[in-house]
Amino acid sequence: QVQLVESGGGLVQAGGSLRLSCAASGRTFSSYTMGWFRQAPGKEREFVAATTWSGGRIYSTDYADSVKARFTISRNNANTVSLQMNSLKPEDTAIYYCAAGPRAYGSSRYSETSYDYWGQGTKVTVSS
């Protein structure tokens with residue numbers, strides 16, 4: 001069974017840091033883009049960051065403007081992805097979801113419809 005499991009969420013004060021991790025299982029995701037989305041209370045799910053994989057290494061990374069220069073996405077292998085979050089703000093409070101998609105390239109990386117597999121999410125709360 002294909003599963004994506006997020007971990008690392010929690011409560012942190014504004015200006016602090018958290019590192020989220022996602023472990024995928026059930027198949028090899030070497031041909032998949034893996035990314036992070038988040039959903040704040042009362043808001044729609046939005047793109048955070050994504051990374052593609054080619055030739056056994058990261059090929060590209062991309063970030064939403066709201067997190068660029070504060071968050072860093074990494075990927076050590078085809079099935080694991082992390083999100084280092086620094087300088088956290090209260091507006092970063094959300095449930096963060098890991099996702100994987102075979103067609104999430106170019107501008108398609110920003111759309112949740114490009115992703116076939118989703119984790120259950122991990123909650124991040126940033127207090128002021």
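Every heavy atom of this structure was used, including side-chain atoms; hydrogens, water molecules and symmetry mates were not.
Under the 4.5 Å side-chain heavy-atom criterion for Ile, Leu, Val, Met, Phe, Trp and Tyr, M85 and V67 are members of the same hydrophobic cluster. Residues L83 and L18 are members of one and the same hydrophobic cluster, defined by side-chain heavy-atom contacts under 4.5 angstrom among Ile, Leu, Val, Met, Phe, Trp and Tyr. Hydrophobic clustering (ILVMFWY, side-chain heavy atoms < 4.5 Å, transitive): V81 and F47 are in distinct clusters. Side-chain heavy atoms closer than 4.5 Å link hydrophobic residues (I, L, V, M, F, W, Y) into clusters, and following such links, even through other members, never connects W36 to W53. Side-chain heavy atoms closer than 4.5 Å link hydrophobic residues (I, L, V, M, F, W, Y) into clusters, and following such links, even through other members, never connects Y97 to F71.
Judged as a salt bridge (charged side-chain N to carboxylate O under 4.0 Å, His left out), the pairs with a partner in residues 41-60 (not counting sequence neighbours) are, in order, R38-E46.
Neither side chain, R75 nor Y59, offers a donor N or O lying under 3.5 Å from an acceptor on the other. Side chain to side chain, S60 and T52 meet the donor-acceptor criterion of an N or O pair below 3.5 Å. Of the N and O atoms on the side chains of D62 and Y110, at least one donor lies less than 3.5 Å from an acceptor on the other residue. Side-chain polar atoms of T28 and S30 form no donor-acceptor pair below 3.5 angstrom.
The two residues S108 and Y115 come nearest to each other via the heavy atoms O-CE1, 4.4 Å. Nearest heavy atom pair, residue P102 against residue D116, reads CD-OD2, 3.1 Å. The minimum heavy-atom distance between S17 and S87, with the atom names listed, is OG-N, 4.3 Å. Taking each heavy atom of M34 and A78 in turn, the nearest pair found is SD-O, 3.4 Å.
To the nearest 0.5 Å, atom CD of residue Q120 and atom CD of residue Q3 are 9.0 Å apart. Atom CD of residue E6 and atom OG of residue S82 lie 12.0 Å apart, to the nearest 0.5 angstrom.
With salt bridges taken as basic N to acidic carboxylate O contacts below 4.0 Å, none links K89 and D92.
Taking the ring centroids of F37 and W118, they lie under the 6.0 Å cut-off.
Annotation: side chain of K123 is not in contact with side chain of Y96 (no heavy-atom distance under 4.5 Å).
Remark: side-chain polar atoms of T125 are not paired, donor with acceptor, to backbone N or O of L11 under 3.5 angstrom.
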Criterion side chain to side chain contact (heavy atoms under 4.5 Å, CB included) on V124 and T93, from CA distance to verdict: CA-CA 5 Å; V124 172; T93 295; 5.9 Å; no
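Geometrically, R103 does not engage Y105 in a cation-pi contact, judged by NZ or CZ lying under 6.0 Å from the ring centre and within 45° of the ring axis.
Below 30°, between 30° and 60°, or above 60°: for Y32 and Y117 the angle between ring planes is between 30° and 60°, a tilted geometry.
Evaluation of the side-chain contact (heavy atoms from CB on, under 4.5 Å) rule for T61 yields T51, I58, Y63, I73 as partners, not counting sequence neighbours. Listed by chain and residue number, N77 satisfy the side-chain hydrogen bond (donor to acceptor under 3.5 Å, both in side chains) test with T80 (two or more places apart in sequence, or in another chain).
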